Amino acid sequence: MVHLITELSRYTMIILFALYTWQCFSALKRNVDAEEQSWKFRKQVVYMYLFHLNAYAVLFLSTENRDLLKFYLEQVVFFAAVQICYGIFYKRVSRLVVNNMCMLMCIGFVILTRLSYKHAVKQFTIAVISMAVTMLIPYFISRWKFVRSLTWMYALAGITMLGVVAVLGAVSKGAKLSFSVAGITVQPSEFIKIIFVFFVASMFYESTEFSQVVKATVVAALHVVILVLSRDLGAGLIFFIAYMVMLYVATRKLYYFAGGLVCGAAASVAAYFLFNHVRVRVVAWQDPLAVFEREGNQISNSLFAIGTGGWFGMGLNQGMPYKIPEVKQDFIFSAIAEELGGIFAICLILVCVSCFLMFLNIAMQIKDFFYKLVALGLGTIYGFQIFLSIGGDIKFIPSTGVTLPLVSYGGSSLLSTLMIFAIIQGLYLMRERDQAEGEISQETPGRKPGKKERQPGQETKTEEIGKEKKKQGKKRPGRKGGISSHEETIHGTKIQDFD
């Protein structure tokens, strides 16, 4: 009976997740109105809870561990609390981002429970605390305007924290990534990448002149150099790509971007000859079976797991993902592909892509140049980290040792990703508020009929004053309220007032 349920669940979980994924993209169509979109988001929540119930039913029947029932109910309460809190406190929030955030965490809890119940409970505890902390971020981000003026504080904090890790950090697999405080291991680079995006956005918000670009590039290069000296090459690569994308969008100069890529390629070649563990990963990537006993063990077992799973997977608790040494952190995608199947893994990638597209969509619609760059930078970090994680697992690129956001085991990774999602939600609220204010200002001319009740003489005088103001306005093109906006200064095309 248990075997039959496990076999059926291979297909039901894929169907439920495929339906969920379909709603991600169908809700973004132009011809979908708000009511229909809301209905699609509610269906996503139902699919998520059904998948969650199905997965834990299989795990309970196959292990007969009664603690799983309590753990399952705690997760149901947690996801319900997240949905309700966002619905109460942030009514105009992006429901798609909330649903995807919960769905990715749900998949992470399921696969971590299968791999290690102890680590799954620890990850869930961190998720509850992190969610409670990050629930406040959307409000502050949408209200606090002074964050754009803390340029050098961001740089000082980031470089100092990276320097401390480079000097005092614990060595793990040849790299200095973290340090422990009161028994809690913290990986600072996960949080500094957020600060780094705010620093770059602040620099280019102030100016995009050549001297400013040089200053920003020097400080950004200092971040990357410290990460390289700490041998945290995956994080260094994420910082580098995020900076290059933000630099290009801010300046619109292709030769900056091309020059950066050339320098990055040269630095990669230099890192190959300077650092032994870089050469090890490249050798393992080139021919993992030839060095199976040592360098290629992880990537070989990862490929075996993905190939064994096929399109429909082996079924939960039916595979052998524990053969991959770092399966909970860096190779969790391989475990998912082995037990839940290739179709499920593709749907997982599509859900991550829908999040990335939503981040870019929010960035493109924000009028404030500073927050536009912040959304773009955070979206780039999120998307590129997924590319590095999954690309390393399937041998598309050499493994860089980065986690799959919201799915892999790791408290720092989970908290920093939830912070990124919360900041994006804050920017979404800001965009919604700007659109609402724009609609109100467009409705204001509808009140003009009230002027007909005024005396003819007063009416004529008002019109004359208005005409005079219009004439004055024509004499000062590109000015509004006597303050030039950032867009006006840089691009000379758009006028917008900031504080």
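Because the structure is predicted, anything quoted here is derived from the model rather than measured. Each residue takes its place number in the sequence, starting with 1.
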Quick one: are the ring centres of [X] and [Y] less than 6.0 Å apart?
X      : Y      : answer
Phe79  : His52  : yes
Tyr139 : Phe89  : no
Phe71  : Tyr117 : yes

Is there a side-chain contact between [X] and [Y] (heavy atoms, below 4.5 Å)?
X      : Y      : answer
Met246 : Val249 : no
Phe17  : Ile107 : yes
Pro325 : Asn297 : yes

Using modelled atom types only, decide if a donor and an acceptor are shared between the side chain of [X] and the backbone of [Y] within a distance under 3.5 Å.
X      : Y      : result
Glu338 : Met320 : yes
Tyr154 : Ile192 : no
Tyr20  : Ile15  : no
Tyr90  : Met135 : yes

request  = Just say parallel, tilted or perpendicular for the rings of Tyr409 and His119, cut-offs at 30° and 60°.
outcome  =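 Ring orientation of Tyr409 relative to His119: perpendicular.
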
query = How would you list, by chain and number, every residue that makes a ring pair (Phe, Tyr, Trp, His ring centres under 6.0 Å) with Phe78, sequence neighbours excluded?
reply =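 By the ring pair (Phe, Tyr, Trp, His ring centres under 6.0 Å) rule, Phe78 matches Phe124.
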
Looking at [X], I'd like to know if its [atom1] atom is crowded, meaning that more than 12 non-hydrogen atoms belonging to other residues, nucleotides or ligands lie closer than 6.0 Å.
X      : atom1 : answer
Lys323 : NZ    : no
Phe25  : CZ    : yes
Met364 : CE    : yes

query = In Å and rounded to the nearest 0.5 Å, what is the CG to CG distance from Asp232 to Leu237?
reply =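 Result: 10.5 Å between the selected atoms.
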
message = Return the CG to CD1 distance between Leu61 and Ile5, rounded to the nearest 0.5 Å.
response = 5.0 Å

May I ask you to check whether [X] and [Y] show a side-chain donor-acceptor distance below 3.5 Å?
X      : Y      : value
Thr6   : Arg10  : no
Gln75  : Tyr56  : yes
Gln37  : Asp33  : no
Ser62  : Gln318 : no
Ser412 : Gln187 : no
Thr403 : Ser408 : no
Ser302 : Asp393 : no
Gln123 : Lys328 : no
Asn99  : Gln23  : no

Sequence neighbours left out, cut at 3.5 Å: what donor-acceptor pairs do the side chains of residues 342-359 make with other protein atoms?
residue : atom : partner : partner atom : Å
Ser354  : OG   : Asn100  : ND2          : 3.0
Ser354  : OG   : Val351  : O            : 2.6

key: Inter- and intrachain pairs under salt bridge (charged side-chain N to carboxylate O under 4.0 Å, His left out), touching residues 70-99, at least two apart   = Arg92-Glu432

